[in-house]
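Since the structure comes first, as structure tokens, the remarks are kept for the end.
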Amino acid sequence: MSTPIRIIPCLDISHGRVVKGVNFAHLKDAGDPVELAARYSAMGADEITFLDISASVEGRGALLDVLRKAAGEVNVPLTIGGGVRSVDDVRALLGAGANKVGINTAALARPELITEVAEEFGGDVVTLSVDARRESDMDSGFGVTTHGGTRSAGVDAVEWAVRAAELGAGEILLNSMDADGTTDGFDIELISKVRDKVSVSLIASGGAGTAEHFVDAARAGADAVLAASVFHFGTLTVADVKEALAQAGFEVRL
């Protein structure tokens with residue numbers, strides 16, 4: 001039996017509110033993170049991801065108070081990322097109710113952080129967030145960005161995903177910065193290239209606009225599909241996406 005495709009609403013948080021824009025710019029308020037998390041849990045989401053998108057830019061930690069409140073309201077696994085720099089940061093997040101922790105900027109600066117966290121808490125806790133953008137000078141055609149997509153890291157995105165898995169990351173959250181918020185569809189080329197090179201769980205993110213887009217991502221090899229705008233603004237429900245995946249022959253949790 002195949003593993004069910006997971007549907008993951010993503011709550012991008014800035015200054016304590018859920019926001020959403022296009023390519024991480026022109027952000028619009030989308031609601032209270034705890035209320036939205038509870039709504040998505042009730043709607044049948046398989047997991048919920050919180051990304052504190054201003055944490056690295058502003059040099060502060062993830063929102064522990066939001067996480068504690070959300071953990072008391074939902075009955076699905078929670079992942080939180082943003083401003084995670086150390087094993088102690090991860091310990092605090094897990095203590096506040098997170099099941100997994102997303103690491104991005106700090107791992108690029110010090111890749112051994114991935115191994116340290118995996119050895120302390122297990123690889124299943126580590127979700128490496130890769131904000132990828134098309135860069136013609138990279139071997140794969142995709143480079144890594146940091147700080148909410150505002151800076152190029154000068155690192156090949158596919159090579160970084162491979163290395164992170166080798167260092168102990170149990171999951172890759174692969175976000176296309178080119179597609180983010182556009183609703184034009186996931187970057188299938190990016191998903192396929194990473195899927196060809198890594199065997200750990202792969203979450204596709206960035207660009208969902210229709211239920212069929214989620215099917216396309218699953219066909220490209222995604223183990224989970226993550227979206228924000230289409231859920232926040234009522235374009236699709238979690239049930240819509242699961243129905244489309246099921247009709248396409250993929251297993252989903254009902």
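These figures come from a predicted structure and were not determined experimentally.
Hydrophobic clustering of Ile, Leu, Val, Met, Phe, Trp and Tyr side chains at less than 4.5 Å, counting indirect connections, unites Ile13 with Val230. Both Leu64 and Leu11 belong to a single network of hydrophobic side chains, linked directly or stepwise wherever heavy atoms of I, L, V, M, F, W or Y lie under 4.5 Å apart.
Sorted by first then second residue, the salt bridge (Lys or Arg N to Asp or Glu O under 4.0 Å) pairs that include residues 224-236, not counting sequence neighbours, number zero. A ring-ring contact (aromatic ring centres under 6.0 Å, His included) check over residues 167-209, counting only residues at least two apart or in different chains, returns the pairs Phe186-Phe214. Under the salt bridge (Lys or Arg N to Asp or Glu O under 4.0 Å) criterion, the residue pairs touching residues 223-247 are Asp46-Lys242, Arg195-Asp223, with sequence neighbours excluded. Applying the ring-ring contact (aromatic ring centres under 6.0 Å, His included) test to residues at least two apart or on different chains, none of the pairs has a partner in residues 94-136.
Taking 4.0 Å as the cut-off between side-chain N and carboxylate O, Glu35 and Lys69 do not count as a salt-bridged pair.
In terms of heavy atoms, Asn99 sits closest to Pro77 at OD1-CA, 3.2 Å. Summarising the geometry of Gly207 relative to His213, their closest heavy-atom pair is O-ND1, 4.0 Å, with the distance given to 0.1 Å. Nearest heavy atoms, Ala248 versus Val215: CB-CG1, 3.6 Å.
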Discussion item. With side chain to side chain contact (heavy atoms under 4.5 Å, CB included) as the criterion, how do Asp139 and Glu159 come out once you've worked through the C-alpha distance, each side chain's angles and the decisive distance to 0.1 Å?
Written reply: CA-CA 9 Å; Asp139 288 343; Glu159 293 177 3; 3.6 Å; yes
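Residues that satisfy the salt bridge (charged side-chain N to carboxylate O under 4.0 Å, His left out) test with Asp156, not counting sequence neighbours, are absent from this structure. Every residue meeting the side chain to side chain contact (heavy atoms under 4.5 Å, CB included) condition with Ala71, not counting sequence neighbours, appears here in chain and number order: Leu78.
From Leu202, atom CG reaches atom CG of Leu174 across 5.5 Å, with rounding to the nearest 0.5 Å.
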